[in-house]
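Working notes for the structure below.
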Amino acid sequence: LPDPPEDDPTSDNEGRRPGRRPFLERPVNQRLRLVLGPRFIGLEQLADALGGALPEDETVSAAQRLESVWDGLMLIERFRHHVRRDQLGPVRRALKDYALVYRTARLPDGDDGIPCSISNLKDHIPARFVGSSDRSLWYSGLQFYRESFSAGHWALLDKQYLNCTFKQPKIRLGMYARANDLPVEALRQKSVLEDVYDRAVVDAAMETVFFENCNSLTRTTYQQKDEPSKKQVHVYYRDGQIRISGKRGMPHWRPGKPRWPGILPAIVFDQQLPG
């Protein structure tokens with residue numbers, strides 16, 4: 001068999017090959033690239049997806065916060081065990097359904113950028129959204145359409161959804177955390193902005209529909225005038241485009257709309273962010 005590429009440590013259980021730079025001596029962005037491959041959406045890929053480089057302060061913040069992702073992964077004993085031995089194969093296999101992306105607080109637009117909201121994302125990546133004017137979108141007058149991230153942060157994203165037909169999102173996330181040896185506080189149910197951003201950016205960067213389709217139950221709620229109670233926002237794909245819907249109670253699966261109610265897990269190791 002041919003030797004692996006020079007910058008690629010062994011992917012199985014042989015330990016580090018002679019002459020290779022130890023994996024843990026490499027910069028953190030190189031480590032994550034070797035583990036995740038094209039599913040590590042770095043700043044260059046993010047700039048391509050968004051149509052321009054991030055504002056300078058966001059670029060600096062992204063670089064500083066990347067270390068927290070690695071520190072979080074190393075909290076998982078089985079990852080730590082293999083990484084210290086330069087055995088990347090098991091780590092790669094464990095993360096084969098995950099992507100890592102920086103959720104920027106400011107989108108490219110001049111020197112200072114503009115707030116990262118669904119409204120502004122739609123202008124930056126129009127191919128991922130329904131081609132409707134703001135006036136025709138049912139949610140264009142609601143607060144969540146123009147809300148933005150309080151701070152930029154990295155998120156490790158599972159492409160597979162957790163089925164919530166019989167269990168509430170909080171219970172499913174707790175089960176997921178225990179099954180994957182993750183701290184519960186790192187698991188978050190996405191807001192509608194987080195869900196839409198993840199789909200738009202990851203799909204654009206990878207030139208595919210990355211996430212499994214479901215009625216993704218976000219933690220975002222809204223209440224329109226003259227309605228007695230709040231509705232929950234959920235997100236899904238139709239014809240490869242991102243759709244947003246609202247419903248009181250749980251969406252139901254049926255043959256005409258075969259999307260199970262579920263959540264797409266996001267793992268955020270950044271302890272500086274509010275819960």
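- Ring centers of W138 and Y222: under 6.0 Å apart, within the cut-off.
- Within 6.0 Å of the CZ atom in R80, the count of heavy atoms belonging to other residues, nucleotides or ligands exceeds 12.
- A donor-acceptor pair under 3.5 Å links the side-chain atoms of R33 to the main chain of G37, judged by distance alone.
- What you find for V28 and W70 is that their closest heavy atoms are CG2-CB, 3.5 Å.
- Under the side-chain hydrogen bond (donor to acceptor under 3.5 Å, both in side chains) criterion, R78 pairs with D181, not counting sequence neighbours.
- The side-chain hydrogen bond (donor to acceptor under 3.5 Å, both in side chains) pairs that include a residue from residues 235-246 are D203-Y237, where partners are two or more places apart or lie in different chains.
- Between Q45 and M206, the closest side-chain pair of non-hydrogen atoms is not below 4.5 Å.
- From E207, atom CD reaches atom CG of D48 across 9.5 Å, with rounding to the nearest 0.5 Å.
- Figure legend: cation-pi geometry between K190 and Y161 absent, as NZ or CZ is not positioned both under 6.0 Å from the six-membered ring centre and within 45° of its axis.
- Distance check, rounded to the nearest 0.5 Å: CZ of R39 to CG of L157 gives 11.5 Å.
- Among residues at least two apart or in separate chains, ring-ring contact (aromatic ring centres under 6.0 Å, His included) pairs with a member in residues 28-59 are F40-W154.
- If you take CG on N180 and CG on D158, they are separated by 8.0 Å, rounding to the nearest 0.5 Å.
- Each of V196, D195, V201 was evaluated against R199; a single residue qualifies, D195, per the side chain to side chain contact (heavy atoms under 4.5 Å, CB included) test.
- Annotation for L173 and R188: closest pair CD1-C, 4.0 Å, computed over non-hydrogen atoms.
- The two atoms that bring R128 and V209 nearest to each other are NH1-CG2, 4.2 Å, heavy atoms only.
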*Would you please test V83 and M74 for side-chain contact (heavy atoms from CB on, under 4.5 Å) and show each step?*
CA-CA 9 Å; V83 164; M74 290 306 96; 3.9 Å; yes

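- Heavy atoms of other residues, nucleotides or ligands lying less than 6.0 angstrom from CD of Q223 number more than 12.
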*asked:* side-chain contact (heavy atoms from CB on, under 4.5 Å) for F23 and V35? Distances and angles first, verdict last.
replied: CA-CA 10 Å; F23 178 66; V35 168; 3.8 Å; yes

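- Taking CZ of F79 as the reference point, atom CZ of R84 lies at 14.5 Å (rounded to 0.5 Å).
- K159 forms a cation-pi arrangement with F210, by the criterion of a distance under 6.0 Å to the ring centre and an angle within 45° of the ring axis.
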_Using the rule given for side-chain hydrogen bond (donor to acceptor under 3.5 Å, both in side chains), can you reason through T221 versus Q232, listing the C-alpha separation, both sets of side-chain angles and the distance that settles it, and then say yes or no?_
CA-CA 4 Å; T221 60; Q232 185 175 31; over 6 Å; no

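- Within the model, atoms CG of L24 and CZ of R31 stand 6.0 Å from one another, a figure rounded to the nearest 0.5 Å.
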